[in-house]
Amino acid sequence: MAIESEIIKACKAGEEKAVKAFYQDCSGWMLGVGMRYIKDRNEAMSLVNISVLTAIDKIKSFDETKPQKIEAWLKTILIRKIIDYKRKNKVEISGYEEISVAHTSIVNCNDESTREAALQEMIHTLPERSRLVFNLYAIEGYTHPEIAKLLHIAEGTAKWHLSDARKKLQELLAKMDSFGLMEKS
Amino acid sequence: MKEEDIDKIFREGLQDSEAPVFKSDWENFSHLRKQTGYSGWKYFLPALIVLVIVSGTFYLYFSESSENIGAKQNVGEKGNDEKGKMHTEEVSPELSETESAKPNIHADNTLYAEVDSFQQTQPGKGKDGKMGGREQESARFENSNFKMQNQESNVNEDKDNSPREANEKNQKNESVQVKTELRTAENDLSDQNPVRIKNPEKQYDEDRAEAEEVHSYDNESARSSDPKISAKILNVSDASIDKMKVEKTGEIYRTEYAFQLENMVSLSAGALKVLIDKNSFNAEKMPVSMVRNSHQISVYFGVEQNNILGTSPMAGFVSSWHLARWTFGVGIGYQRSGVLNWNQESRRTIYGFDRYEASATLQTRSVNLLSIPIKFSRHMGGSHALFLGVTPSILVNASQELLIFDDSNLTNLVPESGYLYKTQAPEIVYFISGGYTYHLATWWSVDVGFNYSFQNWRPTDKMPVGVFLQTNIKVR
């Protein structure tokens, strides 16, 4: 995902077309990130929209000469919104769902998009807190102290959730491997 | 498989994943942007409501001020015209001429009945074995009545009396009539005020000793020299013996309004600032969704600026039920008025064989109300809501003081709070309220609104109008 510095500059000036271009450039990628945390597309899209609004509101503070940083900036905004949303709505920390649900859907995932969907579905089988920690650590690259601060939990708890998530995903991947679906990785 | 391998599989597989975005998503975004933008009625409406409330209060303030000044000028002019008379009548046109003044006169009769009943309960002798001033007067009064009754029984036999005797008879008849009226008024007062002085003799001795130390109102000139008392005393002409009226002292009233205005301006400015700050677009604080439980209990704290009750704090609980965009709330609370300085002045001159004068002042400093707020709210989207309701407020208590002056004594009959003359104000006041609610968080909201009542309050001869600022905190 890349957004040109010209678009950022025009957004700062409040140009409507630039806002639309900004939205088109970043929304798809942000929705991809959001759906790693929230299974429901509509919910994830609402949070993407709110995050883009926040970004446009605060874009004057962003340095347009460093457009490469916008990805990290937008991701930070979105992740914070997602965590706030989950906290406010007190999303139930669900138990470990049946692996068979993910298993049946990842069978025959022979193209890239289906493979992505399969991996995403595997992540969604994880308990809520473990999913958050795994996403933040393994995919976004946050450290344990950062995760602990974001989620208001102890660092040790974050490590435990990560370990738990890995263990469960490993089981799923092992099953996929047995079906010969892990060749590409 | 190593732990790092698992991380790598998911990182490489999902890091750059994108999801398709549709035209409807952009439309939703545009709609959301318009809703939360700077422009639009949602930003201006709260400011407009506050502006209307502030303007209305200013209008009320200035109209009240001009009335008071006008009343004082009228009193002054009339006083000059009648200069030189032994007894003058200084009654403002509103009090003397309007229909609304009539209930006050009746109320004063009940007040004066209290004075008379107090005199009747006094012992015959003072501490030193001699008659005190009050006892002497009481005895003189009883004696004169006795004589008057004797003379009245012989009225047919004395048809040939001189004009001087005829005058005395007239005076005597008047006194008898006055006494009968006062007895009736006292009975009325007993019905309305079950709380009476428990130990009048002890109370009298204490109050008298205190009064002698503080003041010595031996004669009329001493009273007149005291600016506070002379400003309050309402002189009554010879023709209107025992008529008592209520007068709000113009100067005191204006000073109180100045304080009220100052408080009102600062409160309104604070409310406006809160609304403008919170209505500025701030997506960071924008709630993802309003939490609307079916039932919740809130505690509220607030302050009201009222043309009658002054700056009055209030607090209580409200239980609310939510249905879609509508909320119904009912609660219970307490409201205490500010400093009122309601002074009900009265004076009478008893004519007979022995003439004497007495005056009384009932001062109400504050009143306590038990409120039952009933409120309907309509959520307007986002953090905004409008409400309308009715608040019956029951007058439960008041801080009052009744001072009685006669020729030689100053007596405080009601030295403590808790004694309530219910003739001063309606027992239940129905306030109609309306206004705007802003939700700062799911558990915290601020109300800005107005209160209005159609009921007339006797001491001020006005209907209460007020603005209030209230904060509601969800407790369950």
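What you see below is based on every heavy atom in this structure, not just the backbone, and it leaves out hydrogens, waters and symmetry mates. Lettering of chains follows the sequences in order, A, B, ..., and the numbering in each one begins at 1.
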Practice item. Below 4.5 Å from any heavy atom of chain B, which atoms of A:Arg166 appear? Answer side chain, backbone, both or neither. Key: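 It is both, since atoms from each part get that close.
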**Study point:** Residue A:Val52 versus chain B: region with a heavy atom under 4.5 Å
**Key:**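 Contact with chain B is through both the backbone and side chain of A:Val52.
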Practice item. Please list, chain by chain and in numerical order, all residues satisfying side chain to side chain contact (heavy atoms under 4.5 Å, CB included) with A:Lys69, sequence neighbours excluded. Key: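 A:Lys69: side chain to side chain contact (heavy atoms under 4.5 Å, CB included) contacts with A:Phe62, A:Lys66.
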**Study point:** For B:Ala19 against A:Met35, the heavy-atom pair lying closest together
**Key:**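 Taking B:Ala19 first and A:Met35 second, the nearest heavy atoms are CB-SD, 4.2 Å.
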Check your understanding: For B:Asp25 and A:Asn49, which heavy atoms make the closest approach, and how far apart are they?
Key ->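 Heavy atoms only, the tightest pair is O-ND2, 3.7 Å.
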Review point. Does the B:Arg11 side chain pair with the main chain of A:Ala138, one donor and one acceptor, at a distance under 3.5 Å?
Key: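 Confirmed, B:Arg11 side chain pairs with A:Ala138 backbone.
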So how far is it from [X] [atom1] to [Y] [atom2], rounded to the nearest 0.5 Å?
X	Y	atom1	atom2	answer
B:Asp7	A:Leu162	CG	CG	6.5 Å
B:Ile6	A:Leu173	CD1	CG	6.5 Å
A:Met45	B:Ser24	CE	OG	8.5 Å

Exercise for review: Might you work through the side chain to side chain contact (heavy atoms under 4.5 Å, CB included) test for A:Met122 and B:Phe10, ending with a clear yes or no?
Suggested key: CA-CA 10 Å; A:Met122 284 168 78; B:Phe10 282 91; 4.0 Å; yes
Please check if the number of heavy atoms outside [X] that lie under 6.0 Å from its [atom1] is greater than 12.
X	atom1	value
B:Phe328	CZ	yes
A:Lys12	NZ	yes
A:Lys75	NZ	yes
B:Tyr430	OH	no

Point to revise | Pairs satisfying salt bridge (charged side-chain N to carboxylate O under 4.0 Å, His left out), at least one member in residues 372-387 of chain B, at least two apart | key: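 Sorted result for residues 372-387 of chain B: B:Lys375-B:Asp447.
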**Study point:** Candidate pair B:Leu14 and A:Ile123, rule side chain to side chain contact (heavy atoms under 4.5 Å, CB included), full reasoning
**Key:** CA-CA 10 Å; B:Leu14 296 173; A:Ile123 287 176; 3.3 Å; yes
Practice item. Using the side chain to side chain contact (heavy atoms under 4.5 Å, CB included) rule, take B:Phe29 and A:Ile50 through it: C-alpha gap first, then chi angles, then the decisive distance, then the call. Key: CA-CA 8 Å; B:Phe29 174 79; A:Ile50 289 167; over 6 Å; no
Practice item. State, with a plain yes or no, whether a side-chain heavy atom of B:Val21 is found less than 4.5 Å away from one of A:Met30. Key: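 A side-chain contact under 4.5 Å is absent here.
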